[in-house]
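We count ligands from 1, going down the list as the structure has it; atoms in each ligand are counted the same way. Nothing fancy with the numbering, it's 1 onward along the sequence.
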Amino acid sequence: MITKFFRKLLGGRKTPAQAAPTAPPAGRSRKREAGPLSVGPETHGIDPRLVASNAVRVTRTLQEAGHKAFIVGGAVRDLMLGVKPKDFDVATDATPEEVSHLFRRARIIGRRFRLVHVMFGNDTIEVSTFRSNQPADAETDVHGRVLRDNVFGSMEDDATRRDFTVNALYYDPATQTVIDYHHGTEDIRSKTMRIIGDPQRRFTEDPVRMLRAVRLAGKLGFEIDPATRAPIVELAPLMQNVPAARLFDEMLKLLLSGHALTCLKRLRAEGLHHGLLPLLDVVFEQPLGERFVTLALSSTDERIRAGKPTSPSFLFACLLWHEVLKAWEENKARGEYPIPALSEAMDSVLEAQTDSLAIQRRLVADMREIWGLQPRLERRSGRSPYRLLEHLRFRAGYDFLLLRCEAGECDASLGDWWTRFIEADAANREALQNELTQGTGPAAAKRKRRRKKRPAEAGVGAAGALDEMAAVPGDAKPPEGAA
Ligand code: ATP
Ligand code: MG
């Protein structure tokens, strides 16, 4: 099978210098001594219809101006896997200034390493100048993490400084050729994440690569090559020195990859979750919340794979919900009233997370609203449910409630009632409210059963806590079922 594949690879070669790849030594990233492979369409199998026309425009314009230009990175990898890439990056030998002069709407961004954003309507193609690999004397922190990598280089240098062999492929849409310096084509075929160069050195230079190995393997359904994987356990603590904002970006990508559940399980298996982000320590160590978190992640994964929108704040609200519940219970046990107790619980949980910038502050307001809506969704009499329907974050709060129902932490009849209430016309909405006060209908029957059970449930789980909320002192509306 492998021999046949090599024969195919050779079928795509262009020059004698690229002939006869030697069998790679097992387990390590290997650079091709004889220059890069030039892989033709019959081997790489890229469907030109999946290539964004704007990316083609960019490479064509650069090439017509006498420059080298290729689509590069994750986009080529995804194209070779038959997946439509979500964004396209272009690499070129033109300097940022040269690139920006060639396009009407182009903006040079970045201080440390300058890139060009070329814009077409809402679409942006990121164009970077070939960058050099780390020189031996690159400036590092005390742990060996490289602090600057802003030197331009050759195309070959650019391939070598990339993280994984499958991310170091260059596609020229004009000739439909993939240039492969590090046997990435072969690794795509065998579904292997293999770091370029010495794993220990590359992970030390940039520990985020460990997280990327796990994320990309989870997303693509690849295995991490054993030699790449080996040093991760030992080097995992280096993650703690990475700036939190950068970690957050990678984590967000992981959580919104459509494969979050698989990725998080793999992170745990690699020992990478500890100390990585406060959030992850929490997620895995809350036994009560495990079912809830699993449900939340798989439903988010499903939505993403179906192309539906998802919000990071909703996801983070799910991941931390049981921490909030725990703190809420503790505050109430100290004698605080439920509403201030909840508010304080949110503060303490969020503070622990945002202190290290793990969760960006812009998400925090949304998360608070989603949590704060939970006890309010328990109140269904009078004007209360109508006011809730008008709430800006109602939909998120309601979806969150449905997840809680599914996880068995609050009565399914509450979620059902809201589903019917949302869909009902004015008359039916009134009937639904009457159903509650008159003690008829399935919701009321279930509620009665639940009330009988309450002594045994007191103090555990969300349902108990939230029922109490309905009886907040000073609340203008009587708790439901009080009539
Ligand atoms: P995704 O599909 O999830 O975006 P990606 O591989 O495209 O995955 P990006 O963060 O968009 O990830 O990075 C684009 C490319 O830049 C990568 O394919 C890789 O070649 C290079 N790259 C990204 N991060 C690193 C890193 N930490 N070290 C070396 N190269 C990197
Ligand atoms: Mg990408």
Side-chain angles (χ1 to χ4, degrees), residues 29 50-52 55 70-92 110 112-113 115 117 123-134 138 140 144-151 153 155-171 178-182 184 187-188 193-199 201-222 224 228 232 235 238-239 241-243 245-260 262-263 301 304-305:
S29 160
L50 293 180
V51 184
F70 298 87
I71 294 171
V72 70
V76 184
R77 177 198 70 215
D78 290 350
L79 285 167
M80 285 176 70
L81 289 165
V83 177
K84 191 172 162 41
K86 57 179 166 32
D87 45 40
F88 284 83
D89 296 331
V90 166
T92 179
R112 204 183 68 150
F113 192 85
L115 308 164
H117 276 177
D123 192 17
T124 300
I125 306 291
E126 194 169 283
V127 184
S128 59
T129 305
F130 293 144
R131 215 186 298 185
S132 159
N133 196 21
Q134 310 305 334
T140 64
R145 187 169 66 84
V146 170
L147 298 174
R148 266 180 252 290
D149 60 345
N150 51 1
V151 186
M155 178 169 170
E156 186 177 341
D157 292 339
D158 190 79
T160 306
R161 67 99 189 159
R162 289 179 185 271
D163 45 7
F164 301 100
T165 60
V166 297
N167 283 350
L169 295 161
Y170 297 74
Y171 178 61
V178 168
I179 309 293
D180 179 358
Y181 287 87
H182 294 279
D187 284 339
I188 285 191
M193 290 304 298
R194 189 191 316 272
I195 197 133
I196 295 170
D198 175 54
R201 186 172 71 81
R202 299 302 311 281
F203 288 142
T204 307
E205 272 171 12
D206 181 6
V208 170
R209 290 174 186 147
M210 295 188 272
L211 181 51
R212 287 176 57 83
V214 172
R215 171 170 75 80
L216 292 170
K219 166 180 155 169
L220 303 169
F222 281 22
I224 303 176
T228 298
I232 292 183
L235 299 179
L238 290 181
M239 298 296 296
N241 311 311
V242 177
R246 183 144 180 253
L247 268 190
F248 182 82
D249 286 348
E250 272 301 320
M251 272 315 293
L252 201 57
K253 278 194 174 188
L254 185 152
L255 291 170
L256 301 178
S257 66
H259 302 270
T262 316
C263 287
D301 284 348
I304 289 170
R305 286 192 237 174

| request: For Val72 and ligand 1, answer yes if some heavy atom of the residue is under 4.0 Å from a ligand atom, otherwise no. | output: no

| note | Arg161 heavy atoms within 4.0 Å reach ligand 1 at atoms 29 (C), 30 (N)

| message | Has Asp187 got a side-chain atom pairing as donor or acceptor with Thr165's backbone, closer than 3.5 angstrom? | response | no

| message | Give the atom numbers and elements of ligand 1 that come within less than 4.0 Å of a heavy atom of Lys86. | response | 1 (P), 2 (O), 3 (O), 4 (O)

| field | Lys219 neighbourhood, listing ligand 1 atoms whose heavy-atom distance to it stays under 4.0 Å | value | 1 (P), 2 (O), 3 (O)

| query | Where's the contact between Glu126 and ligand 1, heavy-atom distance under 4.0 Å: side chain, backbone, both or neither? | reply | neither

| request: Please work out whether any backbone atom (N, CA, C, O) or any side-chain heavy atom from C-beta onward of Asp206 is under 4.0 Å from ligand 1, and answer side chain, backbone, both or neither. | output: side chain

| remark: Nearest non-hydrogen contact to atom 23 (C) of ligand 1 from the set Met210, Arg162, Arg215, Arg212 belongs to Arg212

| Are Ile232 and Phe203 side-chain neighbours, meaning at least one heavy-atom pair lies under 4.5 Å? | yes

| Any N or O on Asp163 sitting closer than 3.5 Å to an N or O of ligand 1? | yes

| said: Considering both backbone and side-chain atoms of Arg77, is one of its nitrogen or oxygen atoms within less than 3.5 Å of a nitrogen or oxygen in ligand 1? | reply: yes

| query | Do side-chain atoms of Arg162 reach the backbone of Asp157 as a donor and acceptor pair under 3.5 angstrom? | reply | no

| request: Answer yes if the side chains of Asp158 and Tyr170 hold a donor-acceptor pair under 3.5 Å, and no otherwise. | output: yes

| request: Determine whether Asp123 and Phe88 make a side-chain contact, defined as any pair of heavy atoms from C-beta on separated by less than 4.5 Å. | output: no

| task | Step by step, work out the salt bridge (charged side-chain N to carboxylate O under 4.0 Å, His left out) result for Arg246 and Glu250. | result | CA-CA 7 Å; Arg246 183 144 180 253; Glu250 272 301 320; 5.8 Å; no

| query | With distance as the sole criterion, is a donor-acceptor pair present between the side chains of Arg77 and Asn167 under 3.5 Å? | reply | yes

| request: Examine Gly74 against ligand 1 and note whether any of their N/O atoms are separated by less than 3.5 Å. | output: yes

| request: May I ask you to list the atoms of ligand 1 that are less than 4.0 angstrom from any heavy atom of Arg246? | output: 27 (N)

| task | Please work out whether any backbone atom (N, CA, C, O) or any side-chain heavy atom from C-beta onward of Val208 is under 4.0 Å from ligand 1, and answer side chain, backbone, both or neither. | result | neither

| field | Atom indices of ligand 1 within 4.0 angstrom of Lys253 heavy atoms, with elements | value | 4 (O), 9 (P), 10 (O), 11 (O), 12 (O)

